[in-house]
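These notes concern the structure reproduced below.
Quick note on labels: first sequence line is chain A, next is B, and so on, each numbered from 1. Atoms considered below: every heavy atom in the structure, side chains included; atoms not considered: hydrogens, waters and symmetry mates.
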2 protein chains.
Amino acid sequence: MNIGQASAASGVSAKMLRYYESIGLIPRAGRTEAGYRVYKDRDVNTLRFIRRARDLGLPIERIRLLVGLWRDRERSSADVKRIAEEHVAELEAKILELTAMRDTLQELADACRGDHRPECPILRDLEGGGGRGPGRRQVDPHQCASSPAA
Amino acid sequence: MNIGQASAASGVSAKMLRYYESIGLIPRAGRTEAGYRVYKDRDVNTLRFIRRARDLGLPIERIRLLVGLWRDRERSSADVKRIAEEHVAELEAKILELTAMRDTLQELADACRGDHRPECPILRDLEGGGGRGPGRRQVDPHQCASSPAA
DNA sequence: GCTTGACCTTCCCACCATGGGAAATCCCAT
DNA sequence: ATGGGATTTCCCATGGTGGGAAGGTCAAGC
């Protein structure tokens, strides 16, 4: 199997196959006389494993550990579980961060009329911000056009 | 005000100040005879605006648009709102993506005993995966150590 | 005035994972 | 033999940030 076939069979792009090899995530593939990489079914299994792990958002370094454990018949599932849970915690943190951003921005957008006039709570908040959530900052509602000080 | 003071006053690192200038997000700062950048209060206002926008996860290019609108007294709030909503949609998409990853991985971790033995549903899933959610793949529970084909 | 330390300048490198593209070579089918 | 597709290596870009080197500048203390 050459790189194109291994790519199609594993769902990992040829570009990434070369990259993974270059960083040592996968061993150096065998070569034909002409220098073409040669893959075996076994390699494709590994690549599929890697691709699924990437689909779960796992960073390369963690995948490196998982592949090592996968190959290790003496592993303890506790090690695998720990890696998974670390990643769950990071995903969770990221989710909370993004959710907070989304909520704040959604509230601001909801408060914005979205018409032809310039008055805009979103800009007012970015300009003056400090607090959080609705009422993140008290602003005189009659204050006009929220533009930078000239 | 030199770059260090502007940085402290705005919450934007000196490094980023230079970067924002280099990409034209902020205009080229004035210079002293020795070449030191000089900032005014007005510049700090802009920088604070930018930092708050970054805190909401807005990418530079969108911030560029927002700063333009902020300065434009003829703007319509609809333009601002549209930009905000686009970003909310992107945040939402990312949140859903990460949440799906987290849920899948959490389920797998929950199913893993996490003991000294090698048997591990997480590795089994990565190895064999295909479906989604619990029972993403039917695997004989008596199957043993889920290791790569040798 | 001179030293010292804190600050500033520009420039390059690194991250992380991925894609794009160029130039050269190779394989296979016609 | 020729042409088109696949492959090779190498460099560049992304986005936003930090690190650090090499050198110039400023201000305070002596």
Note: for Lys15(A) and Leu58(B) on DNA chain D, the residue whose nearest nucleotide lies more 5' is Lys15(A)
In short, Tyr20(A) meets Ile60(A) closest at the heavy-atom pair CE2-CD1, 3.5 Å
inquiry  = Assess whether a salt bridge exists between Arg64(A) and Glu61(A), defined as any Lys/Arg side-chain N lying under 4.0 Å from an Asp/Glu carboxylate O.
reply    = yes
Does the side chain of Tyr36(A) get closer than 4.0 angstrom to OP1 or OP2 of dT25(C) through an N or O atom?
-> no
To the nearest angstrom, the CD1-C1' distance between Ile3(A) and dC26(C) comes to 15 Å
DNA chain D nearest-nucleotide lookup for Glu33(B) and Glu61(B): closer to the 5′ end is Glu61(B)
Any base atoms under 4.0 Å from Ser13(A), or only sugar-phosphate, or nothing? Heavy atoms, all strands. sugar-phosphate
From CD1 of Ile23(B) across to P of dA13(D) the rounded distance in Å is 15 Å
note: Tyr19(A), atom OH; dC11(D), atom P; distance rounded to Å ~ 17 Å
Arg51(B) atom CZ is separated from dG16(D) atom C1', nearest whole Å, by 15 Å
ask   = dT8(D) phosphate, OP1 or OP2: any side-chain N/O from Arg37(A) under 4.0 angstrom?
value = yes
- Message: Taking any heavy-atom pair under 4.0 Å as a contact, classify Arg54(B): base, sugar-phosphate, or nothing.
- Response: sugar-phosphate
task: Check the pair Ser76(A), Asp115(B) against side-chain hydrogen bond (donor to acceptor under 3.5 Å, both in side chains), reporting the backbone distance first and the verdict last.
output: CA-CA 6 Å; Ser76(A) 42; Asp115(B) 57 19; over 6 Å; no
5'-most contact on DNA chain C (nearest-nucleotide basis), Ile60(A) vs Thr32(A), goes to Ile60(A)
When rounded to whole Å, the CE to C1' distance for the pair Met16(A) and dT14(D) reads 13 Å
- Distance below 4.0 Å between Asn2(B) side-chain N/O and dC8(C) OP1 or OP2: yes
Rounded to whole Å, the CZ-P distance (Arg28(A) to dT9(D)) equals 7 Å
Quick test of your reading of the model: are Arg102(B) and Glu92(A) salt-bridged, counting only N-O distances below 4.0 Å? yes
note: Arg31(A), atom CZ; dC27(C), atom C1'; distance rounded to Å ~ 17 Å
- Task: Using a 4.0 Å heavy-atom cut-off across all strands, classify Arg18(B) as base, sugar-phosphate, or nothing.
- Result: base
Next item on the list: State yes or no: do Phe49(B) and Leu65(B) share one hydrophobic cluster built from I, L, V, M, F, W and Y residues joined by side-chain heavy-atom distances below 4.5 Å, directly or via other members?
Entry: yes
Whole-Å distance, Ile50(B) CD1 to dG16(D) P, equals 12 Å
